[in-house]
S.K.: 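The structure's right below; bear with me while I get my questions together.
Please read these numbers as outputs of a predicted model, since none were measured by experiment. Note that these values count all heavy atoms, side chains included, but never hydrogens, waters or copies made by symmetry.
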Amino acid sequence: MKKNILYFLLLVIAIPGLAQVERKVIIEHFTNTRCGICSSRNPAFYQTLADYPQVQHISYHPSAPYSSCIFHQHNPEENDSRADFYSVYGATPRVVIQGDVISPQNPLIQAEQIEAKLGAQSDYQLGVTKTPVSGDTYKVNLTITRVSGNPGIETVLVFAGLAEETIDYDAPNGEKVHYDVFRKWVFNDTVKMHQVGDTREIEVEYNAHQDWDVDEIYAYGIIHDMITSEIKQTATSMESPSFINNRRAEEISSIFYPNPASSTITILPEYQDRFSNVELYSFIGNRVAEFGNARELNISELPG
């Protein structure tokens, strides 16, 4: 019997002998549900993101040029403030990768611009969890560790936000599904790290809004350099990368063949060099296998 299993790929990079840790990559996407240019360019943008499942994605909805966007109206001040933070307020769509603003272009981002950010190292490790407290109250915990760097105090800017993973909404611009929609900040402040090895624990509570699907809400954290605004580290409370879920798995299934398969799955040659290690997850989120060879995956002994 053939097995029709949805798989998730995770990039695993081992760098022995270094105190630094892998710097995860985040793309912040400024869009609007009434923006016609957004609806024409976002599909290609999402398809590019599907090729990089290790990259986190957040979409913000500033007021300009359409203040009547329902996602903007849900939190006008903080959607606009994030656009102001990067000085991109006034036009959509725009993208920012790792704190670097991409000039207006079509496509919104190119594969080379993403690949240029992958594999970098960071002086900071960040953990983010979201747990229920009671009723509609939830708790977000950030764990910030300074793992390397120069001696002495370093001050960083830390944001912690909430996003809704997928929202079905028939928007005026024709978009029907909206990904990683920013909902609110739960923390936004400077944090002093006194020396290498220091760990800071930040705990905040929030109440879920009646408009949210609480099962789709996740927390994410961003550590910024105070001077350059470059992102030193990012993390999310989701167990799997932000741009892969059951709905999106179909968008990247074409990198495997055959699918369904009974014995061996091959990754297309153009994708093989992007992964040094492959972890396979079932569609319910359980890890079922790990492979050091990112070319051919033997699934003959996996459960059907």
S.K.: Can you check whether Asp180's main-chain N or O pairs, donor with acceptor, with Ser59's side chain at less than 3.5 Å?
M.R.: yes
S.K.: I'd like to know whether Ser148 forms a side chain to side chain donor-acceptor pair (under 3.5 Å) with Asp123, so could you lay out the CA-CA distance, the side-chain angles of the two residues, the decisive distance to 0.1 Å, and finally the verdict.
M.R.: CA-CA 5 Å; Ser148 64; Asp123 292 334; 2.5 Å; yes
S.K.: Let me see the working for Val21 and Gln233 under side chain to side chain contact (heavy atoms under 4.5 Å, CB included), right down to the final yes or no.
M.R.: CA-CA 9 Å; Val21 295; Gln233 191 58 279; 3.8 Å; yes
S.K.: I'd like to know if the side chain of Ser63 pairs up with that of Asp80 as donor and acceptor (distance under 3.5 Å, no hydrogens or angles considered).
M.R.: yes
S.K.: For the side chain of Ser300 and the backbone of Ser263, is there at least one donor-acceptor N/O pair under 3.5 Å apart?
M.R.: no
S.K.: Passes side chain to side chain donor-acceptor pair (under 3.5 Å), Glu216 versus Thr166? Steps please.
M.R.: CA-CA 7 Å; Glu216 293 282 320; Thr166 54; 2.9 Å; yes
S.K.: Please give me the minimum heavy-atom distance between Ile299 and Thr264, naming the atom from each residue.
M.R.: CG1-N, 4.4 Å
S.K.: Assign the ring pair Phe159 / Trp185 to parallel, tilted or perpendicular, where the plane angle (0 to 90°) is split at 30° and 60°.
M.R.: tilted
S.K.: Nearest heavy-atom pair of Val191 and Arg200: which atoms, and what distance?
M.R.: CG1-NH1, 3.3 Å
S.K.: Report yes if the side chains of Ile144 and Thr199 come closer than 4.5 Å at any heavy-atom pair, otherwise no.
M.R.: no
S.K.: Following the transitive rule for hydrophobic clusters with a side-chain heavy-atom cut-off under 4.5 Å over Ile, Leu, Val, Met, Phe, Trp and Tyr, establish whether Val95 and Val55 coincide in one cluster.
M.R.: yes
S.K.: Met193 versus Ile153: any side-chain heavy-atom pair under 4.5 Å?
M.R.: no
S.K.: Ignoring hydrogens and geometry beyond distance, is a side-chain donor-acceptor pair present between Glu165 and Tyr179 at under 3.5 Å?
M.R.: no
S.K.: Both conditions, 6.0 Å and 45 degrees, for the charged tip of Arg23 above the ring of Tyr124: are they met here?
M.R.: no
S.K.: Return yes if a side-chain donor-acceptor contact under 3.5 Å exists between Gln105 and Gln113, otherwise no.
M.R.: yes
S.K.: Ala83 and Pro62: which non-hydrogen atoms are nearest, and at how many Å?
M.R.: CB-CB, 4.0 Å
S.K.: Looking at Ser229 and Asp225, would you say the former's side chain and the latter's main chain have a donor-acceptor pair under 3.5 Å?
M.R.: no
S.K.: Is any side-chain heavy atom of His74 less than 4.5 Å from a side-chain heavy atom of Lys184?
M.R.: no
S.K.: Any sub-3.5 Å donor-acceptor pair from Ser40's side-chain atoms to Ile37's backbone N or O?
M.R.: yes
S.K.: When you measure from the side chain of Asn173 to the backbone of Cys35, do you find a donor-acceptor pair of N or O atoms at a distance under 3.5 Å?
M.R.: yes
S.K.: Distance from His72 atom NE2 to Arg34 atom CZ, nearest 0.5 Å?
M.R.: 12.0 Å
S.K.: Yes or no on side chain to side chain contact (heavy atoms under 4.5 Å, CB included) for Asn141 and Val128, after CA distance, side-chain angles and deciding distance?
M.R.: CA-CA 6 Å; Asn141 286 89; Val128 180; over 6 Å; no
S.K.: Can you establish whether the number of heavy atoms outside Asn150 located under 6.0 Å from its atom CG is more than 12?
M.R.: no
S.K.: Could you tell me whether the side chain of Asn42 reaches within less than 4.5 Å of the side chain of Glu175, counting heavy atoms only?
M.R.: yes
S.K.: Restricting to non-hydrogen atoms, name the atom on Tyr218 and the atom on His57 that form the minimum distance, rounded to 0.1 Å.
M.R.: OH-O, 3.5 Å
S.K.: Just verifying a value: how many Å separate Ile70 CD1 and His61 NE2, rounded to the nearest 0.5 Å?
M.R.: 8.5 Å
S.K.: In terms of hydrophobic clustering (I, L, V, M, F, W, Y; side-chain heavy atoms under 4.5 Å; direct or indirect links), are Tyr138 and Val181 co-clustered?
M.R.: no
S.K.: Within the distance-only criterion (no hydrogens, no angle test), does the side chain of Gln98 pair as donor or acceptor with the backbone N or O of Lys24 below 3.5 angstrom?
M.R.: yes
S.K.: For residues Ser103 and Arg94, report the shortest heavy-atom separation together with the two atoms involved.
M.R.: CA-NH2, 4.1 Å
S.K.: Hey, what do you get for CD1 (Ile109) to CG (Leu49), rounding to the nearest 0.5 Å?
M.R.: 7.5 Å
S.K.: Relative to the ring of His178, is the ring of Tyr169 parallel (under 30°), tilted (30 to 60°) or perpendicular (over 60°)?
M.R.: tilted
S.K.: If only atom types and distance count, is the side chain of His224 paired as donor or acceptor with the main-chain N or O of Leu157 below 3.5 Å?
M.R.: no
S.K.: Just by distance, no angles: are the side chains of Gln56 and Thr234 close enough, under 3.5 Å, to form a donor-acceptor pair?
M.R.: yes
S.K.: Please walk me through it: do Asn79 and Phe182 pass side chain to side chain contact (heavy atoms under 4.5 Å, CB included)?
M.R.: CA-CA 8 Å; Asn79 274 290; Phe182 169 76; 3.6 Å; yes
S.K.: Please check if the side chain of Thr236 supplies one atom and the backbone of Met238 the other of a donor-acceptor pair under 3.5 Å.
M.R.: yes
S.K.: Could you grab the distance from atom OH of Tyr206 to atom NZ of Lys139, nearest 0.5 Å is fine?
M.R.: 12.0 Å
S.K.: Would you indicate whether the side-chain heavy atoms of Tyr60 and His29 approach each other to under 4.5 Å?
M.R.: no
S.K.: Nearest 0.5 angstrom please: Leu108 CG to Cys38 SG, how far?
M.R.: 8.0 Å
S.K.: Kindly compute the distance separating CD (Gln110) from CD (Glu115), expressed to the nearest 0.5 Å.
M.R.: 11.0 Å
S.K.: Any side-chain heavy atom of Leu118 sitting closer than 4.5 Å to one from Val25?
M.R.: yes
S.K.: Would Leu142 end up clustered with Ile58 when hydrophobic side chains under 4.5 Å apart are linked, directly or stepwise?
M.R.: no
S.K.: Verify the cluster assignment for Val133 and Val140: are they in a single hydrophobic cluster under the rule of side-chain heavy atoms below 4.5 Å apart?
M.R.: no
S.K.: For residues Ala208 and Val214, report the shortest heavy-atom separation together with the two atoms involved.
M.R.: CB-CG1, 3.7 Å
S.K.: Do other residues, nucleotides or ligands put more than 12 heavy atoms under 6.0 Å from the CD atom of Glu77?
M.R.: no
S.K.: Could you check Glu22 against Ser122 for side chain to side chain contact (heavy atoms under 4.5 Å, CB included), going step by step and ending with a plain yes or no?
M.R.: CA-CA 6 Å; Glu22 178 187 357; Ser122 174; over 6 Å; no
S.K.: Can a side-chain donor-acceptor contact be found between Asn32 and Thr92 if the only test is distance below 3.5 angstrom?
M.R.: no
S.K.: Give a yes or no on whether Ile222 and Ile217 share a hydrophobic cluster (residues Ile, Leu, Val, Met, Phe, Trp, Tyr; joining criterion: side-chain heavy atoms under 4.5 Å apart).
M.R.: no
S.K.: I'd like to know if Lys192 pairs up with Asp198 as an ion pair, taking the criterion as any Lys NZ or Arg NE/NH1/NH2 lying under 4.0 Å from an Asp or Glu carboxylate oxygen.
M.R.: no
S.K.: Do the non-hydrogen side-chain atoms of Arg183 and Glu164 ever get within less than 4.5 Å of each other?
M.R.: yes
S.K.: Is any side-chain heavy atom of Val177 closer than 4.5 Å to one of Tyr46?
M.R.: no
